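Counting starts at 1 for both ligands and their atoms, following the listed order. Index from 1, following the sequence. These figures come from a predicted structure and were not determined experimentally.
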Amino acid sequence: MAAFILRKQKFSTKNLLCIVIIGLLYLILAQRNAPRYSNNDLRPSSRNNSHSNWPFNIPQQYDQQYLHEWNEPIKVNVSNPSDRGEGGSAFYPRLDEKELMKKLRKEHNYNAFASEKISMRRSLPDYRFPECRSLIYPNKLPTATVIIVVHNEIWATLLRTVWSIIDRSPRELIDEIIIVDDASTWTHLKQPLDDYVKTLPANIKIMRTEKREGLIRARLKGANVAKGNILVFLDAHIECTDGWLPPLLSRIAWNRSVVAVPLIDNIGIEDMKYRTLPVNMNGIHWTLIFDWSPLPQREIIRTKHDRTAPIRTPTHIGCAFAMDREFFFEIGSYDEGMDIWGTENLELAVRTWMCGGSLEILPCSRVAHLFRSSTYSFDGNKNEIKVRNNNRFIQVWMDDFKDYIYAAFPKWKSIPTGDLTERINLRKKLQCKSFRWYLENIYPESAWLKPFITMGTIRNGLHNICLDAYTMTVSQALIPYTCHGEGGAQFFAFTVHGQMMTWRLSCVGIQGKSVVLVSCNEDDKYQQWDYNKEKHWIVHRESSLCMRKNQTGIVLDTCNQSDIEMKWEIVSNV
Ligand code: UDP
Ligand code: MN
């Protein structure tokens, strides 16, 4: 713009003044738009609260006696850098190891052989975004109790978890590590574990449940005796990386009602390789199994494209998170009525948001989790236990949206929840907001906010055959399948825009004349349908063709009143 002014007008003092002012304005604006964390000059040695460039400083009223000075942990090279798995790399077996490796892979649902072979103190690179490394956190922070609950974990996997905490956390900030052995049957988790932890350079306490309690009550057992001001819950198969702890503690000290979640990376189940994952958000949908969803644009804008900024997330996975200890209990800790495994992560997340707290991912804190499906017994009917936990969550927190869940899983309704009085009273006492408020304000991307016309199963006229999306793979054809009355893959939700949504949030579309699964896109006219109630047709809007069952699949064909295979009945479960 300055060049334009110079060319167009005669040079004068007035113009010069104008240019100077514009220049100054430009400089001021540029400064304001500069990244918030640009202060690279501060060395750790000059770190104190006034020098911290972390934007969320600890409020003055925070009780100073709970704050402790800390130093970065000293990096020690304890493993041989050329060993397998070092630097977070993949494990490769030798020829003579392959057979045993295969056997253990099958037994444990992950490469337990590799885990035993790589160092319990393997090196890991600093995976943080470069911007994170120049952040300087407050020089005094509250201390943490780390709680690890465990049921039958491989020795090296558990101890790699413990070592990663010891080696990569400031000593002054870990009050204790509590390992709660939840009635494991594997003997290495008894005396050998007791003996081993005594040799470790950390205050480690082992607690044991008298009988199998499940991860929820096991975590509570640890939380009830914790001394640290902040509770950090970790699974027994994770690896903490450089700098993982201070962001979590700093954020909670700034605001005690934040539940702080690290960015979760992935330890490969085939090769134990550390793989970083992108910053994602976690949502909630019909299955009540956590899912990843891409970071929405609104959150990227809110955080001004700053990759170090805390991300507000509707739910979390549950394998790693930190909370102020008092706040944890004030807000209802966990639902003690939940057994073994499942939905406690959603319950805590939704309750936190609805009752006045928040749940945030701290992208500068990275912790990797081994995403293996568990092999342990549930000490009872696995499905029933999971559904019972689901029901406890659904019936206390989901208000009328519970109908959506029971439309997709009609049989869940009959599984008893046990006494819910205490949890319902808790919600009243805390004056928590509604589930709709939660969806609208915290999770506006939720499919549940769509205007639905009906939801249920879609039955083919003459037969006991239902429309079935047996797979969640996009492009896969839908199939006709015996109606089983369990919803799930036979559940479809019709929106006013003509979308037919499945339980896994894909939509019904077409590929040529075949009816297939597609990624939902409200504007895509090829995935819009109308249900003609009188004729029992499902009509593809764009082509005006009707959905028809043939021997093997579902196709589009010219609508024909006398064609029985074109008649569909929507059995609404709501
Ligand atoms: N766990 C437990 N008791 C149980 C089930 C699980 O203490 O009855 C522990 C388990 O060892 C792990 C944590 O709880 O440290 C979370 O369980 P898991 O990793 O199986 O859950 P996922 O990560 O697969 O959801
Ligand atoms: Mn886990």
*Asks:* Do the side chains of D242 and K75 get close enough for a salt bridge, i.e. N-O under 4.0 angstrom?
*Replies:*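 Result for this pair is yes, salt bridge flagged.
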*Asks:* Under a 4.0 Å threshold between the charged nitrogen and the carboxylate oxygen, would D182 count as salt-bridged to R212?
*Replies:* yes
*Asks:* Give me the ring orientation class for W155 and H188: parallel if the planes are under 30° apart, tilted from 30 to 60°, perpendicular past 60°.
*Replies:*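 Aromatic pair W155/H188 classed perpendicular.
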*Asks:* Can we say R392 and D335 salt-bridge, meaning some charged N sits less than 4.0 Å from an Asp/Glu carboxylate O?
*Replies:*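 Yes, R392 and D335 are salt-bridged.
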*Asks:* Anything with a heavy atom under 4.0 Å from ligand 1 counts, so go ahead and list those protein residues by chain and number.
*Replies:*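 For ligand 1, the residues that come within the 4.0 Å heavy-atom cutoff are V149, V150, H151, D182, R212, G214, L215, D235, A236, H237, I340, W341, H369, R372, S374, Y376.
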*Asks:* Which residues and atoms, counting only protein N, O or S, are under 2.8 Å from the Mn ion (ligand 2)?
*Replies:* D235 OD2, H237 NE2, H369 NE2
*Asks:* Would you mind listing every salt bridge (Lys or Arg N to Asp or Glu O under 4.0 Å) that reaches into residues 407-417, with sequence neighbours excluded?
*Replies:* K411-E486
*Asks:* F327 vs V258, test: side chain to side chain contact (heavy atoms under 4.5 Å, CB included). Steps then yes/no.
*Replies:* CA-CA 9 Å; F327 182 67; V258 172; over 6 Å; no
*Asks:* For a ring pair (Phe, Tyr, Trp, His ring centres under 6.0 Å) check, start with the C-alpha distance between Y404 and F435, then their side-chain angles and the critical distance, and finish with the verdict.
*Replies:* CA-CA 13 Å; Y404 287 13; F435 193 74; 9.5 Å; no
*Asks:* Please tabulate, for the side chains in residues 376-387, all donor-acceptor contacts under 3.5 angstrom to protein atoms that are two or more places apart in sequence or on a different chain.
*Replies:*
| from | atom 1 | to | atom 2 | distance (Å) |
| --- | --- | --- | --- | --- |
| S377 | OG | D379 | N | 2.9 |
| N381 | OD1 | N383 | N | 3.0 |
| N381 | OD1 | E384 | N | 3.0 |

*Asks:* Quick one: do D271 and K273 make a salt bridge, cutoff under 4.0 Å?
*Replies:* no
